[in-house]
Amino acid sequence: MRKAILSMFISLDGYITGPKGEFVPPQWSDDLATHWSGYALERAGHLLYGRVNFLFNKGFWEPAETDPNSPAAGVPWAAVMNRLPKTVFSTTLTGDPGWNGTVVRDDLEGTVARLKAEGDGDLYMFGGAGIAQSFVARDLFDEYRLMVTPTLFGDGQRLFAPGFDRIDLTLIDNRTLDTGAVILHYRRERG
């Protein structure tokens with residue numbers, strides 16, 4: 001059975017966006033490409049998104065197939081990002097979202113159970129905060145793979161909002177990148 005994995009980067013003070021809600025990517029390097037993006041995409045069989053992050057990523061990656069001048073066209077894993085099936089959890093998105101996506105309006109637990117039982121490769125959620133918080137509150141992740149960046153934002157959107165029950169994790173791997181970021185990989189311990 002495949003696993004559901006939260007794979008997101010956060011600032012040292014716990015934010016996934018800057019103070020004005022802006023996307024602040026980590027400092028890029030070949031080390032990060034290998035151990036962060038490459039690692040996830042070698043193992044992913046299906047991607048999970050909230051609406052905002054799905055539309056953002058679709059807008060970035062999809063043009064790589066048709067526009068050689070798009071920013072994503074030169075990225076080695078653009079074809080993988082465009083090929084992988086995706087589930088977007090949204091109450092407002094309607095119809096076919098494109099980009100190999102399927103919209104799910106409700107039944108997060110049932111959808112995740114079904115996806116975990118079918119296909120190859122793990123289920124990776126790259127964002128955003130709202131859907132990640134819904135998954136955490138329902139204890140749907142089997143693993144948490146977080147990249148903590150050497151940045152203090154001071155404000156923004158937190159990855160972990162208060163109000164969920166305690167979840168115990170076991171560290172299964174950690175890696176310091178040449179950028180100063182640290183990847184922490186935890187497994188959910190179930191009784």
Spell out, as yes or no, whether a donor-acceptor pair under 3.5 Å connects the side chain of [X] to the backbone of [Y].
X: Glu22; Y: Lys20; value: yes
X: Lys86; Y: Met81; value: yes
X: Ser134; Y: Gly130; value: yes
X: Arg114; Y: Gly110; value: no
X: Asp142; Y: Ala4; value: yes
X: Ser11; Y: Leu152; value: no
X: Arg158; Y: Asp13; value: yes
X: Asn174; Y: Ile183; value: no

What I want to find out is whether Lys3 reaches Glu143 closely enough, with some N-O distance under 4.0 Å, to be called a salt bridge. yes
Asp173/Arg175 salt bridge by N-O under 4.0 Å criterion: no
Shortest non-hydrogen contact from [X] toward [Y]:
X: Asn82; Y: Trp61; value: ND2-O, 3.0 Å
X: Phe153; Y: Pro19; value: O-CG, 3.5 Å
X: Trp77; Y: Ala33; value: CH2-CB, 3.7 Å
X: Pro63; Y: Lys58; value: CD-O, 3.7 Å

State yes or no: do [X] and [Y] share one hydrophobic cluster built from I, L, V, M, F, W and Y residues joined by side-chain heavy-atom distances below 4.5 Å, directly or via other members?
X: Leu123; Y: Leu169; answer: yes
X: Ile5; Y: Phe164; answer: no
X: Leu159; Y: Val24; answer: no

Let me confirm one number: the [atom1]-[atom2] distance from [X] to [Y], rounded to the nearest 0.5 Å.
X: Asp30; Y: Thr179; atom1: CG; atom2: OG1; value: 11.5 Å
X: Lys116; Y: Leu140; atom1: NZ; atom2: CG; value: 7.5 Å
X: Ile10; Y: Leu146; atom1: CD1; atom2: CG; value: 5.5 Å
X: Leu84; Y: Trp99; atom1: CG; atom2: CH2; value: 9.0 Å
X: Thr102; Y: Asp96; atom1: OG1; atom2: CG; value: 7.5 Å
X: Leu32; Y: Gln27; atom1: CG; atom2: CD; value: 9.0 Å

Contact check, side chains of [X] and [Y], non-hydrogen atoms, under 4.5 Å:
X: Leu48; Y: Leu115; value: yes
X: Tyr39; Y: Ser7; value: no
X: Asp165; Y: Asp139; value: no
X: Tyr186; Y: Ile172; value: no
X: His185; Y: Leu171; value: no
X: Val104; Y: Leu108; value: no
X: His35; Y: Leu177; value: yes
X: Ile131; Y: Met125; value: yes

Would you verify whether the NZ or CZ of Arg145 falls within 45 degrees of the ring axis of Tyr124 while also being under 6.0 Å from that six-membered ring's centre? no
Could you please spell out the steps behind the side-chain contact (heavy atoms from CB on, under 4.5 Å) verdict for Val136 and Tyr144? CA-CA 10 Å; Val136 170; Tyr144 292 78; 3.8 Å; yes
Evaluate Glu118 against Arg2 for side-chain contact (heavy atoms from CB on, under 4.5 Å), listing each step before the verdict. CA-CA 8 Å; Glu118 63 187 37; Arg2 42 193 195 172; 4.2 Å; yes
Under 3.5 Å, is there a donor on one side chain and an acceptor on the other for Thr92 and Arg51? yes
Just checking, any donor-acceptor pair under 3.5 angstrom between side chains of Ser29 and Asp31? no
Check against side-chain contact (heavy atoms from CB on, under 4.5 Å), Phe89 and Tyr49: CA-CA 6 Å; Phe89 297 91; Tyr49 286 102; over 6 Å; no
Can you check whether Phe135 and Phe141 have ring centres sitting under 6.0 Å from each other? yes
Less than 6.0 angstrom separating the ring centers of Phe56 and Phe23, yes or no? yes
Take Ile16 and Phe9, measure what side-chain contact (heavy atoms from CB on, under 4.5 Å) needs, and give me the verdict at the end. CA-CA 7 Å; Ile16 62 167; Phe9 50 85; over 6 Å; no
